[in-house]
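Numbering of ligands and ligand atoms starts at 1, following listing order. All figures in this text were calculated on a predicted structure; none of them were measured in a lab.
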Amino acid sequence: MTTLLLLNGPNLGILGRREPEIYGTDTLADIEKAVAAEVSGVGWDVLSLQHDSEGDLVRDIHRHHCDTVGAIVNPGALMIAGWSLRDALAAYPRPWIEVHLSNVWARERFRHESVIAPLASGVVAGLGPMGYRLAAAALLELVGAER
Ligand code: DQA
């Protein structure tokens with residue numbers, strides 16, 4: 001089993017043209033490539049899935065809970081009240097890391113609480129696309145340590 005799940009929630013499919021002053025100009029395809037490059041050295045590949053609806057994300061977590069080594073999850077605004085996403089991740093048996101491109105604590109108050117963060121192995125926020133690469137590097141360590 002050598003597939004890393006890269007899961008992005010609502011509005012992250014339009015990265016590159018979405019409020020570039022906040023989220024930068026990298027597209028999701030750029031981020032996928034960077035994550036793939038980070039893990040290719042150990043022979044992992046990346047399964048990248050993005051959905052605008054919570055149910056689709058939940059279904060993909062169910063579908064891939066057995067065949068992935070770990071996950072990087074940017075829940076987008078579902079961080080705020082995505083309870084079914086939270087419950088799906090609670091049943092995901094591998095390490096996963098929550099990533100936000102922006103520093104959510106430097107933004108509006110409604111972005112300060114994440115319902116999924118207490119379940120994550122770690123959280124990376126505010127480092128732009130680099131955050132995904134750092135999360136991938138961390139998963140290599142975490143999964144390696146578990147073997
Ligand atoms: C985001 C932060 C969320 O508050 C926002 O709703 C997003 C993107 C980020 O990557 O910075 O959709 O998750």
Side-chain angles (χ1 to χ4, degrees), residues 2-42 44-65 67-143:
T2 54
T3 300
L4 171 64
L5 180 60
L6 173 59
L7 206 57
N8 280 279
N11 299 307
L12 293 163
I14 55 167
L15 285 177
R17 64 185 169 85
R18 178 190 179 192
E19 298 178 275
E21 66 287 0
I22 297 174
Y23 299 114
T25 53
D26 279 18
T27 64
L28 190 52
D30 294 331
I31 288 169
E32 288 164 5
K33 270 187 222 136
V35 171
E38 191 68 38
V39 299
S40 64
V42 296
W44 288 7
D45 57 12
V46 176
L47 174 63
S48 177
L49 300 166
Q50 186 274 328
H51 297 291
D52 292 321
S53 70
E54 188 170 0
D56 289 336
L57 294 164
V58 167
R59 190 202 53 218
D60 277 342
I61 294 165
H62 295 171
R63 201 174 265 171
H64 295 293
H65 83 279
D67 61 6
T68 49
V69 282
I72 297 172
V73 182
N74 185 341
L78 292 172
M79 69 182 288
I80 299 161
W83 294 109
S84 60
L85 175 64
R86 181 246 177 246
D87 284 353
L89 287 166
Y92 180 71
R94 310 295 298 163
W96 60 273
I97 297 180
E98 178 176 353
V99 170
H100 297 284
L101 290 152
S102 62
N103 178 355
V104 287
W105 296 285
R107 301 182 63 195
E108 303 94 324
R109 282 197 68 81
F110 70 85
R111 298 182 202 275
H112 294 186
E113 290 279 329
S114 166
V115 297
I116 69 167
L119 305 177
S121 298
V123 179
V124 183
L127 298 177
M130 180 179 37
Y132 286 87
R133 277 201 289 112
L134 294 174
L139 279 171
L140 288 174
E141 296 272 330
L142 290 171
V143 173

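- Residues meeting the side-chain contact (heavy atoms from CB on, under 4.5 Å) test with T27, sequence neighbours left out: A29, D30.
- The side-chain contact (heavy atoms from CB on, under 4.5 Å) search around R59 returns H51, D56, R63, not counting sequence neighbours.
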Enumerate, one pair per line, all nitrogen or oxygen atoms of ligand 1 lying under 3.5 Å from a protein nitrogen or oxygen, stating the separation to 0.1 Å; write 'none' if no such pair exists.
residue, atom, partner, partner atom, Å
ligand 1, 4 (O), R111, NH1, 2.8
ligand 1, 6 (O), A77, N, 3.1
ligand 1, 6 (O), R111, NH1, 3.1
ligand 1, 10 (O), N74, ND2, 2.8
ligand 1, 10 (O), L101, N, 2.8
ligand 1, 11 (O), L101, N, 3.2
ligand 1, 11 (O), S102, N, 2.8
ligand 1, 11 (O), S102, OG, 2.6
ligand 1, 12 (O), R18, NH1, 3.0
ligand 1, 12 (O), R18, NH2, 3.1
ligand 1, 13 (O), N74, OD1, 2.8
ligand 1, 13 (O), H100, ND1, 2.7

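- Defined by atom type and a distance below 3.5 Å, a donor-acceptor pair is present between the side-chain atoms of Y132 and N8.
- Between L7 and D60, the shortest heavy-atom contact is CD1-CB, 4.4 Å.
- The salt bridge (charged side-chain N to carboxylate O under 4.0 Å, His left out) test applied to E21 returns no partner, not counting sequence neighbours.
- When L140, I72, L47 are each tested for a side-chain contact (heavy atoms from CB on, under 4.5 Å) with L4, only one passes: I72.
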